[in-house]
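Since the structure comes first, as structure tokens, the remarks are kept for the end.
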Amino acid sequence: MTTLSPSGSYYANIVSDEQLYTIEVVNAVVISGLLSLFGVASNIINIVVFAKQGFQDSMNISLMGLAVSDLCSLLTMIWISICQNPLFYRSEFNFDPQDILYLTGAVPHVLFVKIATFITAFITFERCLCIAVPLKVKMIITPGRTKRIIIYIYIGMSVLVIPFCLGNRLEWVSDFNKNATVLKTTFTTEREMLEAITFLTQGVFATTFSFVFVICCTIVLIVKLNSKTKWRQATATKSDRATEGVGVKDQKVVKMVTLIASIFIVCTVPPTLIILYMVIDPGFRVDGVYRNLYLVIWSSSYLTETVNSSVNIFVYLKMSSKYRAVFMKIFWNNEEK
């Protein structure tokens, strides 16, 4: 069975409009909205703590860049939640929240999620270098180079969105039904071609590369961590215990990065599979035949992305004694013993 959409195109009625409405309210407005509020607060805390620690260490710089991108992705998620709230979009405004949602909410959200993805890939790669060339890694990955790499990631991912923004615009147009000028999303004649470029570069290539790269680096970290632990247990002597502090510290950092990467992989599986499926099924689009099903699946995918952007504070508190000490000093006015 097919249904005629407001735009004049037909779409398969696998998910009814009533079911879509209910699922979007539950996923995007309630669950993702509340999680995003918590995530915004937790990432602000992360930024404050990392700033207090200073930027002499390249890992701190990378984690700061990750916290900023996570914060921005969650702020856009809050805007998505607001736009999909019936109490908001049924109110009288000089714009339709659901009309401008894709350009002002979904696209920036995906942008910052991709930035966080590549920063996570860089962090795992840095830890792999620490294992592969431990004596040279501080010369290869310096704080200055790390700052430049993080900035390049932000710029590079933003550039990939330019074609989409050239094909989709926000403009003030006359609405004769409301007898007023309203803000609407308008399209250029080259829209389909420009969106295809963005989908292939940012959606398919960037997503697949970063996802596979993080998986490979995480596997290397897990294997090397296990082998190094077994080797230390087999060769440790009493005389080694006085000098094992640095090795234990590095090992804790590797464990923390491995856990962050593992959470990222689990939470990124759904959106990655969705994007890959979109390659083989042209009807699986926001304006395609399976419009409602597409929106339902993406609203569920937002949940995993929101979780990934919100939970790192627990990892830092559990696995980083330095982070925990600064956190306690700032927010509890108590130095950890």
Side-chain angles (χ1 to χ4, degrees), residues 20 23-44 46-47 65-85 88-89 95-121 153-165 167-170 185 195 198-199 201-204 206-207 210-211 263-264 267-275 278 284-287 291 294-312:
L20 171 64
I23 294 171
E24 283 190 330
V25 168
V26 172
N27 283 350
V29 179
V30 179
I31 303 177
S32 292
L34 293 175
L35 277 175
S36 296
L37 288 173
F38 167 77
V40 167
S42 67
N43 279 290
I44 290 174
N46 290 339
I47 290 170
L66 180 62
V68 171
S69 59
D70 282 341
L71 174 62
C72 293
S73 73
L74 291 166
L75 288 173
T76 55
M77 190 64 233
I78 290 174
W79 173 240
I80 291 172
S81 299
I82 292 172
C83 287
Q84 292 191 324
N85 189 326
F88 184 73
Y89 69 70
F95 64 91
D96 180 358
Q98 293 194 316
D99 177 68
I100 67 171
L101 168 63
Y102 196 61
L103 191 57
T104 62
V107 172
H109 175 76
V110 172
L111 167 62
F112 289 113
V113 167
K114 291 293 179 286
I115 290 172
T117 298
F118 271 82
I119 293 176
T120 303
I153 289 174
Y154 272 84
I155 295 174
M157 289 297 101
S158 300
V159 167
L160 294 182
V161 184
I162 290 177
F164 181 90
C165 295
N168 298 260
R169 300 172 184 173
L170 291 175
T185 302
E195 285 188 0
T198 302
F199 176 70
T201 54
Q202 188 197 53
V204 179
T207 299
S210 57
F211 184 69
I263 293 171
F264 162 81
C267 293
T268 310
V269 167
T272 303
L273 293 179
I274 293 171
I275 289 172
M278 289 173 66
F284 194 67
R285 298 283 194 282
V286 68
D287 56 353
R291 172 184 175 274
Y294 171 90
L295 292 173
V296 164
I297 293 177
W298 266 114
S299 72
S300 302
S301 175
Y302 281 151
L303 287 176
T304 61
E305 291 177 344
T306 304
V307 169
N308 180 57
S309 299
S310 304
V311 299
N312 282 346

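Just so you know, these numbers come straight off a predicted model, no measurement behind them.
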Tell me if a side-chain donor or acceptor on [X] pairs with a main-chain N or O of [Y] at a distance below 3.5 Å.
{"X": "S309", "Y": "T306", "result": "no"}
{"X": "N27", "Y": "V296", "result": "no"}
{"X": "S81", "Y": "A28", "result": "yes"}
{"X": "T120", "Y": "A116", "result": "yes"}
{"X": "T198", "Y": "F164", "result": "yes"}

Just verifying a value: how many Å separate [X] [atom1] and [Y] [atom2], rounded to the nearest 0.5 Å?
{"X": "N308", "Y": "C267", "atom1": "CG", "atom2": "SG", "result": "4.5 Å"}
{"X": "H109", "Y": "T104", "atom1": "NE2", "atom2": "OG1", "result": "13.0 Å"}
{"X": "F38", "Y": "L74", "atom1": "CZ", "atom2": "CG", "result": "10.0 Å"}
{"X": "K114", "Y": "I153", "atom1": "NZ", "atom2": "CD1", "result": "14.0 Å"}
{"X": "L34", "Y": "S310", "atom1": "CG", "atom2": "OG", "result": "11.0 Å"}
{"X": "S299", "Y": "I31", "atom1": "OG", "atom2": "CD1", "result": "9.5 Å"}

List the atom of [X], the atom of [Y], and the distance in Å for their closest heavy-atom pair.
{"X": "I275", "Y": "G203", "value": "CG2-O, 3.4 Å"}
{"X": "D70", "Y": "S73", "value": "O-OG, 2.8 Å"}
{"X": "V29", "Y": "Q84", "value": "CG2-O, 3.4 Å"}
{"X": "L111", "Y": "Q202", "value": "CA-NE2, 3.9 Å"}
{"X": "P163", "Y": "V159", "value": "CD-O, 3.7 Å"}

Is [Y] close to [X] at the side-chain level, that is, under 4.5 Å between some pair of heavy atoms?
{"X": "Y102", "Y": "T185", "result": "no"}
{"X": "P271", "Y": "W298", "result": "yes"}
{"X": "E195", "Y": "N168", "result": "yes"}
{"X": "T207", "Y": "T117", "result": "no"}
{"X": "E305", "Y": "V110", "result": "no"}

Show the numbers, then the answer: is there a side-chain contact (heavy atoms from CB on, under 4.5 Å) between N312 and S42?
CA-CA 8 Å; N312 282 346; S42 67; over 6 Å; no

side-chain contact (heavy atoms from CB on, under 4.5 Å) for L20 and R291? Distances and angles first, verdict last.
CA-CA 10 Å; L20 171 64; R291 172 184 175 274; 4.1 Å; yes

side-chain hydrogen bond (donor to acceptor under 3.5 Å, both in side chains): which pairs involve residues 28-41, sequence neighbours left out?
none

Decide yes or no on side-chain contact (heavy atoms from CB on, under 4.5 Å) for V68 and Y154, but give the supporting numbers first.
CA-CA 11 Å; V68 171; Y154 272 84; 3.5 Å; yes

In terms of relative ring orientation, are Y294 and F284 parallel, tilted or perpendicular, with 30° and 60° separating the classes?
perpendicular

side-chain contact (heavy atoms from CB on, under 4.5 Å) against I82, all qualifying residues, sequence neighbours excluded:
I78, W79, F88

